[in-house]
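Notes follow once the structure below has been shown.
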2 protein chains.
Amino acid sequence: MPETGSVDRFRLNARPNDRKYMTTLDTADLAAPTTIEEFRERLSGISEGLPRRLRQCADHIAANIDRIAVSTVAELAAGADVPPSALMRFCQILGYSGFSEMQKLFRDAYAPGFPDYSTRLKNLKETGAGTPSALLGEFIEAGRLSLEALAKSADEAALAQAVVLLAAADTVHIIGLRRAFPVAAYLAYVFDKMSVPAMLHEGTGKLDHRHALRPGDAVLAITFAPYSDETIALAQHARDQGLPVVALTDRITSPLARAGDAILTVPEVDFGAFRSLSATLALAIALAVAVGSARG
Amino acid sequence: MPETGSVDRFRLNARPNDRKYMTTLDTADLAAPTTIEEFRERLSGISEGLPRRLRQCADHIAANIDRIAVSTVAELAAGADVPPSALMRFCQILGYSGFSEMQKLFRDAYAPGFPDYSTRLKNLKETGAGTPSALLGEFIEAGRLSLEALAKSADEAALAQAVVLLAAADTVHIIGLRRAFPVAAYLAYVFDKMSVPAMLHEGTGKLDHRHALRPGDAVLAITFAPYSDETIALAQHARDQGLPVVALTDRITSPLARAGDAILTVPEVDFGAFRSLSATLALAIALAVAVGSARG
DNA sequence: GATATTTTGGAATAATTATTCCATTTTGGA
DNA sequence: TCCAAAATGGAATAATTATTCCAAAATATC
C-alpha cells in the first residue's frame, strides 16, 4: 500500500519512517474518541505540531465544542476561517470517517431521553429474567432517572406561582383519580398535617363535589395521560368560576394545562400503564410543604 | 386568494367563516413563536382540537423539546409515529415556513450548559432556605438517596417469598393508612390493571372489613412509624386465621414485622416530618407487577 | 535554487435531509 | 346514506450539506 495522502501521516496505520521529510508532529492516532472527555483530551494532545489550517480548526473547535452538535461543516469552517475541506480533513485526522460521525457523538451525548421502558420491561418479562429483584432494579432506576430529570427541568417560576395561589386559598380542593390518586391522597395527608384546609375529591358519585367549590378556594388538579375527564371537568369548572387552578400534569400539551393558572409538569418515566411517581411525589410534597409554611 | 389547503385553517390569515364545515378549533395563529417560552405557550394553546396525527406531533414535540435542535425531521417524525409530511404540516401550523426555520430557534438557543444533576440541585437549594425551589431540591435528594439505599439493602429472598404468597392468594387485601395510604392506593390500582383480585381496605368505619377476609386470601399490610394500630390489628387478625401476611414497613423491629410471613423493609430518607415514598413505591410496584405476571 | 513532499482551496459529486404535491382515506354533517 | 371538506401518507422533487478529489501553492531538505 503506497502512501496515498497526507492525512495518513497523522493516523493510526501510518508507517512512521518511510519518508524523507517530517515537518510536523507524528501523531499516530488511535481510534476516534467515543466520549466527549476523550475528545477533549485528543484535541489538546494533537493541536501542537499541526499545520496552519488544521491548527485553526483545532482551535476553533476547542473554543466552540458545544456548538458542534448544532452546526454544519460550512458554519464551523467559516468560524475557523478555513475552507470546508480543511475541516473535513481535521475530522478524519481525529479518527472519524467524516464530520457527520464526529457530530453524532455530540448529538447523542446531549440527548437526555429516557430509555424506552415499556419495551424494556416487556423484554424483561418475556426473557424470563423477570425475577422480582430484576423488576425492582428497573423500577429503582426509573425512579432515579425521573428525579434527575425533574431536577433539570423543574420550572421554578411556575412552582413559586403555584405556592402563592394555594397559600392564598381558603380551602384547597385536591383532585386526582386513578394513577394520580395516590399523589392526591398524599397531598391531602400532608396538607392535613400542616393544618392547611384541604379537601380530597374522590371520583365516586360523579360530579357532586363541584358544589363544594366556594369563592376564595383554589383547586389543585392532577392527571396524566390518558387524562381523566372528571379531573379536567372539575378544573375547568373551577376556572369558569374564577377560582385559581394549579395543574400537575405530564406535558404542557395536556388538556389540563389549558385550565391551569400555574402549570407544573413532571417528567416521569412511564411503563405502559404504570409510572414510578417518584418525581411527581417529590414535586407534590415540596409544593405542599411550601404552601404550609407560607401560611405560617 | 383562494383557500389553498387545510393548514391555512389554523394559521394567521385564515378567514374564519368562508367555509361550510368547522370540525376543529379555529386556532388562528399569530406569527411564529420567536422564543422558546413563546413556543411552549403556543404548543399548549394549540394542542386542543388538533386532528390525530398533528396532536401526536404536538405531544411528541412537547415531550422532546430539547431534542429539536439536534434532530432531523425524519427522526422526530418517527418518534411521534407519524410520516415526515405530518411533522412538516405541524411546523407550518405553528407559523414557521418549515422545519428548518423552527429548528433554527432551538439551535440558536442551544446551550448545553444545561447544568448537570448535581449542579442544578445545588442551585435549587441555594435559592434560599424555605423557598419552594429549595424544598424541591431537598425532596429530590431524599428520594434519590432512598432509592439508592433500597437498591443496596433490598432483601431478594423476602421479595420472592412475598410474590409467591400473593400470587397464590384468591384475593389480596391491601391495607395502609395515613401516610401509607398512597402506597396502598397505588398498589390497588396496579393490581386492578393487572387483573389481580384485590381489595383496598380503608380506615373509615373502623374494623368492619375484617369479615371480608376469607380462607385462601392474603393480606398486604403497610405501615411506618408511628405505626397504625388498625393496620397491625388487621394483619394480626389475618395471621390468627392462618392467612399469609406480607408486611411492608420501615424497620425489621416494626410491630408489623411480628405479624408478617414475608417482611419487606424500605429505607426511606425523611426530610423534615415527611418522607418521599420514592423507595416505597418502587418496591410496591415491583411487587405488584411481579405478582401480576406470576399469575399469568 | 531544485526537488520531493505536504498542505491547501475550491470545484465536482454524493449523500442526506427538507419540502411539496396530490391521490386516497377519513370525518362530520345533511 | 351520501356529499363536501379535512386529513393523511407516500412518492417526487428541491435544497442543503457532507465529502472527495486533484491541481496548485507552500514548505522542507538538499
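Labels below follow one simple rule: chain letters A, B, ... track the order of the sequence lines, proteins then strands, and each chain is numbered from 1. Worth knowing before you read on, the calculation uses all heavy atoms, side chains too, and leaves out hydrogens, waters and symmetry mates.
Residue B/Arg55 contributes atom CZ, which lies 17 Å from atom C1' of D/dA6 at whole-angstrom precision. Taking atom CD1 of A/Ile93 as the reference point, atom P of D/dT19 lies 15 Å away to the nearest angstrom. Remark: P of C/dT17 and CD of B/Glu75 are 7 Å apart, rounded to the nearest angstrom. If you measure from atom CZ of B/Phe90 to atom C1' of D/dG9, you get 18 Å, rounded to the nearest angstrom. Straight-line distance from the CG atom of B/Leu54 to the C1' atom of C/dT26: 14 Å, rounded to whole Å. In this structure, B/Leu87 atom CG and D/dT8 atom C1' are separated by 14 Å, rounded to whole Å. Taking atom NZ of residue B/Lys104 and atom P of nucleotide C/dT17, one finds them 20 Å apart after rounding to whole Å. Rounded to an integer number of Å, the gap from CD of B/Glu101 to C1' of C/dT19 is 13 Å.
With sequence neighbours left out, the salt bridge (charged side-chain N to carboxylate O under 4.0 Å, His left out) criterion links A/Arg239 to A/Asp261. In this structure, A/Tyr227 has no ring-ring contact (aromatic ring centres under 6.0 Å, His included) partners at least two apart in sequence or on a different chain.
Place A/Pro83 and B/Gln103 on DNA chain C by their nearest nucleotides, and A/Pro83 ends up nearer the 5' end. Taking the nucleotide of DNA chain C with the nearest heavy atom to each of B/Arg52 and B/Thr72, the more 5' of the two is matched to B/Thr72.
Remark: A/Ser100 is in phosphate contact with D/dT19, judged by side-chain N or O atoms under 4.0 Å from OP1 or OP2.
Between A/Phe274 and A/Phe139, the gap from one ring centroid to the other reaches at least 6.0 Å.
Taking the side chain of A/Phe99 as heavy atoms from C-beta on, and the options D/dT19, D/dT8, C/dT7, the nearest nucleotide is D/dT19.
In this model, no donor atom of one side chain and acceptor atom of the other lie less than 3.5 Å apart for A/Thr223 and A/Thr231. With hydrogens and angles left out, the side-chain atoms of A/Arg53 and A/Gln56 include a donor and acceptor closer than 3.5 Å.
For residues 49-84 of chain A, no pair satisfies ring-ring contact (aromatic ring centres under 6.0 Å, His included), with sequence neighbours left out. Applying the salt bridge (charged side-chain N to carboxylate O under 4.0 Å, His left out) test to residues at least two apart or on different chains, none of the pairs has a partner in residues 68-82 of chain B.
Proximity of a side-chain donor or acceptor of B/Arg120 to a complementary backbone N or O of A/Lys152 within less than 3.5 Å is detected.
From one end of the helix from C/dG1-D/dC30 to C/dA30-D/dT1 to the other, with five pairs defining each end axis, the axis direction shifts by 30° (rounded to 10°).
Ring geometry for A/Phe39 against A/Tyr96 counts as tilted: the plane angle lies between 30° and 60°, on a 0 to 90° scale.
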Please write out each protein N/O paired with an N/O of nucleotides 20-22 of chain D under 3.5 Å, distance rounded to 0.1 Å.
{"residue": "D/dT20", "atom": "OP2", "partner": "A/Gln92", "partner atom": "NE2", "Å": "2.7"}

